[in-house]
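Note that the structure is predicted; figures quoted are calculated from it, not measured.
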Amino acid sequence: MRPRPTIKLGGIQTAARIVSGMSLSGADAVLNQLYEIDTSLAEQISDQIVPFEKLAIADARSLQTLVREVEPTVLMIALRGLAKNLRDPFLNSMSSRAKALFLEEMEAMGPIRRSDVEAARAAVTRCARILAEQDRFLLPQAGLVR
């Protein structure tokens with residue numbers, strides 16, 4: 001008897017697409033239940049629902065709040081290697097003096113591992129979700145940036 005071939009169905013991206021297609025209350029209910037069962041999996045799905053790059057299309061006030069709340073070093077790492085059109089909204093939410101200092105410190109940083117950049121981006125995204133729960137950040141709902 002031959003072994004049955006295994007088929008990989010779904011995955012985190014598929015789950016994220018399904019949850020993001022739900023109403024906000026339905027998606028919140030699903031994610032809240034999943035957080036109770038498996039926090040790591042729930043965070044991975046949440047990270048896919050609102051990818052870091054999508055934060056760049058948030059409104060200016062939301063971005064200002066996010067930039068104030070995130071540790072500057074974490075934000076510097078998260079913005080490393082990001083396309084100018086995705087990086088500028090974050091930078092433009094700072095005063096010109098703060099922006100200049102931020103960019104100077106960012107340039108002074110040495111090479112950073114890709115895994116550290118991804119971890120920093122996930123931390124910024126989680127902060128945005130927490131701020132959204134507190135009604136201090138408006139998560140972008142449409143126009144996914146690719």
Of all residues at least two apart in sequence or in a different chain, which pass the salt bridge (charged side-chain N to carboxylate O under 4.0 Å, His left out) check with [X]?
| X | result |
| --- | --- |
| Asp38 | none |
| Arg80 | none |
| Asp59 | none |
| Arg136 | Glu69 |

Which atom of [X] lies closest to which atom of [Y], heavy atoms considered:
| X | Y | value |
| --- | --- | --- |
| Ser46 | Arg129 | CB-CZ, 3.3 Å |
| Ala56 | Leu63 | O-CD1, 4.1 Å |
| Arg121 | Ala78 | NE-O, 2.7 Å |

- [ ] Check side chain to side chain donor-acceptor pair (under 3.5 Å) between Ser40 and all other residues, then give those that pass, not counting sequence neighbours.
- [x]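 By the side chain to side chain donor-acceptor pair (under 3.5 Å) rule, Ser40 matches Gln44.
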Task: Contact list for residues 87-107, test salt bridge (charged side-chain N to carboxylate O under 4.0 Å, His left out), sequence neighbours left out - done: Lys84-Asp88
- [ ] Name all pairs fulfilling the ring-ring contact (aromatic ring centres under 6.0 Å, His included) condition that reach into residues 109-129, sequence neighbours left out, sorted by first residue then second.
- [x]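 Found none.
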Open item on the list: Please list all pairs meeting ring-ring contact (aromatic ring centres under 6.0 Å, His included) that have one or both residues in residues 29-73, counting only residues at least two apart or in different chains.
Closed with: Phe52-Phe90
Sub-4.5 Å side-chain heavy-atom contact between [X] and [Y]:
| X | Y | value |
| --- | --- | --- |
| Thr125 | Pro51 | no |
| Met109 | Thr73 | yes |
| Ile12 | Leu41 | yes |
| Leu91 | Leu79 | yes |
| Cys127 | Leu66 | yes |

TODO: Please identify each residue that fulfils ring pair (Phe, Tyr, Trp, His ring centres under 6.0 Å) with Phe102, with sequence neighbours left out.
DONE: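 With sequence neighbours excluded, Phe102 shows a ring pair (Phe, Tyr, Trp, His ring centres under 6.0 Å) to no residue whatsoever.
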Open item on the list: Run the ring pair (Phe, Tyr, Trp, His ring centres under 6.0 Å) test against Phe137 and tell me which residues pass, sequence neighbours left out.
Closed with: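 For Phe137 there are no ring pair (Phe, Tyr, Trp, His ring centres under 6.0 Å) partners, ignoring immediate neighbours.
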Task: Qualifying residues under side chain to side chain contact (heavy atoms under 4.5 Å, CB included), relative to Ala98, sequence neighbours excluded - done: Met94, Ser95
Open item on the list: Please enumerate all residues that pass side chain to side chain contact (heavy atoms under 4.5 Å, CB included) together with Pro72, with sequence neighbours excluded.
Closed with: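 Only Met76 meet the side chain to side chain contact (heavy atoms under 4.5 Å, CB included) criterion with Pro72.
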[atom1] of [X] to [atom2] of [Y]: how many Å apart, nearest 0.5 Å?
| X | Y | atom1 | atom2 | result |
| --- | --- | --- | --- | --- |
| Glu71 | Ile77 | CD | CD1 | 10.0 Å |
| Ile57 | Leu139 | CD1 | CG | 10.5 Å |
| Ile45 | Leu34 | CD1 | CG | 5.0 Å |
| Met106 | Ile112 | CE | CD1 | 8.0 Å |

Open item on the list: Whether the side chain of Ser62 engages the backbone of Ala58 through a donor-acceptor N/O pair (distance < 3.5 Å, no angle test) should be reported.
Closed with: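 Side chain of Ser62 to backbone of Ala58: no pair is present.
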TODO: Return yes when atom CD of Glu118 has more than 12 non-hydrogen atoms of other residues, nucleotides or ligands closer than 6.0 Å, and no otherwise.
DONE: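 Atom CD in Glu118 is packed in, count exceeds 12.
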- [ ] Any chance you could lay out the side-chain contact (heavy atoms from CB on, under 4.5 Å) test for Leu138 and Arg61, step after step, and finish with the verdict?
- [x] CA-CA 9 Å; Leu138 184 61; Arg61 178 172 280 175; over 6 Å; no
